[in-house]
There are 2 protein chains.
Amino acid sequence: MVDNSVDLDAVFKALGDPTRRAMLASLKAGPATVGNLAAPHAMTLAGASKHIQVLEQAGLIRCARKGRERLCALEPDPLRAAERWLNHYAAFWSDRLDALEMALGKTEKD
Amino acid sequence: MVDNSVDLDAVFKALGDPTRRAMLASLKAGPATVGNLAAPHAMTLAGASKHIQVLEQAGLIRCARKGRERLCALEPDPLRAAERWLNHYAAFWSDRLDALEMALGKTEKD
DNA sequence: CTGATTGTCAACCATATTGTTGAATGGCTG
DNA sequence: CAGCCATTCAACAATATGGTTGACAATCAG
């Protein structure tokens with residue numbers, strides 16, 4: 001029941017930005033500071049900080065002060081929840097690939 | 001290579017709206033018309049039509065005229081691409097659950 | 001204490017998103 | 001043809017998003 005309280009809206013919205021997805025990818029290597037996450041992304045620190053807040057609100061990362069820095073780490077639960085949602089579609093991935101053509105031919109589906 | 005030309009930005013953005021996710025869920029039962037997809041979602045047909053266009057642009061569905069209706073069907077590739085992206089994080093789902101605490105304790109990660 | 005580093009906050013701008021209405025299109029039906 | 005049905009288009013409004021700047025708070029180093 002780990003991923004019950006996950007807000008898929010917030011999670012998918014957060015994932016819908018390449019900067020944020022890149023930040024998550026960076027965090028696969030381990031926890032990182034805000035400045036660290038911001039560095040590769042030609043934008044101000046304030047801008048990056050906002051992205052990080054979006055990720056944190058979505059529950060995708062968790063952050064905590066460490067001295068004057070802020071350390072952020074990946075939080076896997078929401079990703080798993082998203083993956084689970086997508087998995088409900090796994091049944092389709094085998095067949096049904098041309099559902100549209102079939103439907104166009106049949107007009108009615110039994 | 002099926003899911004190569006998939007725009008994850010568009011896909012995740014499209015998934016970041018509950019109305020659109022619900023529409024996709026409806027389409028699991030089989031192809032449906034615009035009116036059909038719109039029906040459960042207290043909004044004008046024009047509004048629903050826009051959502052459907054977003055889904056279509058993201059490649060998540062494919063639509064075609066069928067007489068005076070427009071028939072839409074699930075297109076699984078982008079969902080699979082999204083799932084694949086998430087899967088790069090699967091390695092985390094076993095351990096690393098408290099990476100932040102560990103990092104706070106250690107300051108350096110070797 | 002002074003000053004540099006790290007990050008956030010508030011205000012602001014430009015653009016995108018979500019939704020509405022009302023008119024228009026395309027297609028079936030009598 | 002006339003009219004209805006399903007859908008889209010255009011214009012608009014409200015709000016959200018992504019980004020900037022400049023001021024501020026907190027912490028570390030000397």
Side-chain angles (χ1 to χ4, degrees), chain A residues 7-24 26-27 31-58 60-73 100 103-109, chain B residues 7-24 26-27 30-73 100 103-104 106-108:
Chain A
D7 176 3
L8 278 184
D9 252 45
V11 169
F12 281 125
K13 260 178 210 157
L15 293 179
D17 181 293
T19 301
R20 289 194 288 260
R21 282 202 308 283
M23 285 175 167
L24 290 178
S26 295
L27 288 176
T33 67
V34 172
N36 235 299
L37 290 171
H41 299 292
M43 67 170 55
T44 58
L45 201 54
S49 181
K50 278 195 190 177
H51 280 299
I52 289 168
Q53 283 171 54
V54 170
L55 290 170
E56 198 174 12
Q57 279 244 186
L60 286 161
I61 64 176
R62 205 155 46 93
C63 308
R65 295 294 299 252
K66 166 87 196 222
R68 72 180 143 183
E69 319 186 308
R70 191 168 179 81
L71 214 39
C72 306
L100 186 57
L104 285 173
K106 285 189 63 185
T107 304
E108 295 292 338
K109 57 176 183 69
Chain B
D7 176 3
L8 278 183
D9 253 45
V11 169
F12 280 126
K13 261 178 209 156
L15 293 179
D17 181 293
T19 300
R20 289 193 289 260
R21 282 202 308 282
M23 285 175 167
L24 290 179
S26 295
L27 288 176
T33 68
V34 172
N36 234 302
L37 289 172
H41 299 293
M43 67 171 54
T44 59
L45 203 54
S49 181
K50 278 194 190 177
H51 280 298
I52 289 169
Q53 282 171 55
V54 170
L55 290 171
E56 198 173 11
Q57 279 242 188
L60 286 160
I61 65 176
R62 204 155 46 92
C63 307
R65 296 297 297 251
K66 166 86 195 223
R68 69 180 145 182
E69 319 186 305
R70 191 168 178 82
L71 215 38
C72 306
L100 185 56
L104 285 173
K106 286 189 63 186
T107 302
E108 295 291 338

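Not measured: the values here are computed from a predicted model. Naming convention: chains lettered A, B, ... in sequence-line order (proteins, then strands); numbering from 1 in each chain. The basis for the numbers below is simple: all heavy atoms, side chains too, and nothing from hydrogens, waters or symmetry mates.
Between A:Lys50 and A:Gly67, it is A:Lys50 whose nearest contact on DNA chain D lies nearer the 5' terminus.
Nearest heavy atoms, B:Leu27 versus B:Cys72: CD2-O, 3.5 Å. Contact record, A:Ala38 with A:Leu45: CB-CD1, 3.6 Å, taken as the closest heavy-atom pair. Nearest heavy atom pair, residue B:Ala58 against residue B:Ala10, reads CB-O, 3.7 Å.
The line from NZ of A:Lys13 to NZ of B:Lys13 is 12.5 Å long, rounded to the nearest 0.5 Å. The structure places CD1 of A:Ile52 at 12.5 Å from CG of A:Leu60, a figure rounded to the nearest 0.5 Å. If you take CZ on B:Arg20 and CG on A:Asp9, they are separated by 9.5 Å, rounding to the nearest 0.5 Å.
When the P atom of C:dG19 is taken as reference, atom CD1 of B:Ile52 falls 13 Å away, rounded to whole Å. In this structure, the NZ atom of B:Lys66 is 16 Å from the C1' atom of C:dG26, given to the nearest Å. One interatomic measurement links the two molecules: CD of A:Glu69 to C1' of C:dT8, which rounds to 15 Å at whole-angstrom precision. Protein atom CG of B:Leu55 is 14 Å distant from nucleotide atom C1' of C:dT18, rounded to whole Å. The CG atom of A:Asn36 sits 16 Å away from the P atom of C:dT5 (whole-angstrom rounding). The separation between B:Gln57 atom CD and C:dT18 atom P is 13 Å, rounded to whole Å. Rounded to an integer number of Å, the gap from B:Met23 CE to D:dT7 P is 11 Å. Residue A:Leu71 contributes atom CG, which lies 9 Å from atom P of C:dG7 at whole-angstrom precision.
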Exercise. Go through the steps for A:Thr19 and A:Met43 under the test side chain to side chain contact (heavy atoms under 4.5 Å, CB included), then give the verdict.
Key: CA-CA 10 Å; A:Thr19 301; A:Met43 67 170 55; 4.2 Å; yes
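Using a 4.0 Å heavy-atom criterion, one finds that B:Thr19 contacts no nucleic acid atom at all. The residue A:Gly35 sits close only to the backbone: its heavy atoms come under 4.0 Å of sugar-phosphate atoms, none of a base.
Of the candidates D:dG18, C:dA4, C:dG19, C:dA4 carries the atom nearest the A:Arg68 side chain, counting heavy atoms from C-beta on. The side chain of A:Arg65 lies closest to D:dA26 when the candidates are D:dT7, C:dT8, D:dA26. Nearest nucleotide to the side chain of B:Gln53, out of D:dC9, D:dC28, D:dG18: D:dC9. Out of C:dT8, D:dG18, D:dT17, the shortest distance to the side chain of A:Lys13 is found at D:dT17. For A:Ala46, the side-chain atoms get nearest to C:dC9 when compared with the rest of C:dT17, C:dC9, C:dT21.
The terminal axes of the helix from C:dC1-D:dG30 to C:dG30-D:dC1, fitted over 5 pairs per end, subtend an angle of 20° to the nearest 10°.
The side chain of A:Arg20 places an N or O atom within less than 4.0 Å of a non-bridging phosphate oxygen (OP1 or OP2) of D:dG18. For A:Ser49 and C:dG7, the shortest distance from a side-chain N or O to OP1 or OP2 is not below 4.0 Å. Distances shown here put a side-chain N or O of A:His51 below 4.0 Å from the OP1 or OP2 atom of D:dG19. Side-chain N/O atoms of B:Thr44 include one lying less than 4.0 angstrom from OP1 or OP2 on C:dT20. For the pair B:Arg70 and D:dT8, the criterion of a side-chain N or O lying under 4.0 Å from OP1 or OP2 is met.
For B:Arg62 (side chain) and B:Ala73 (main-chain N/O), no donor-acceptor pair under 3.5 Å exists by modelled atom type.
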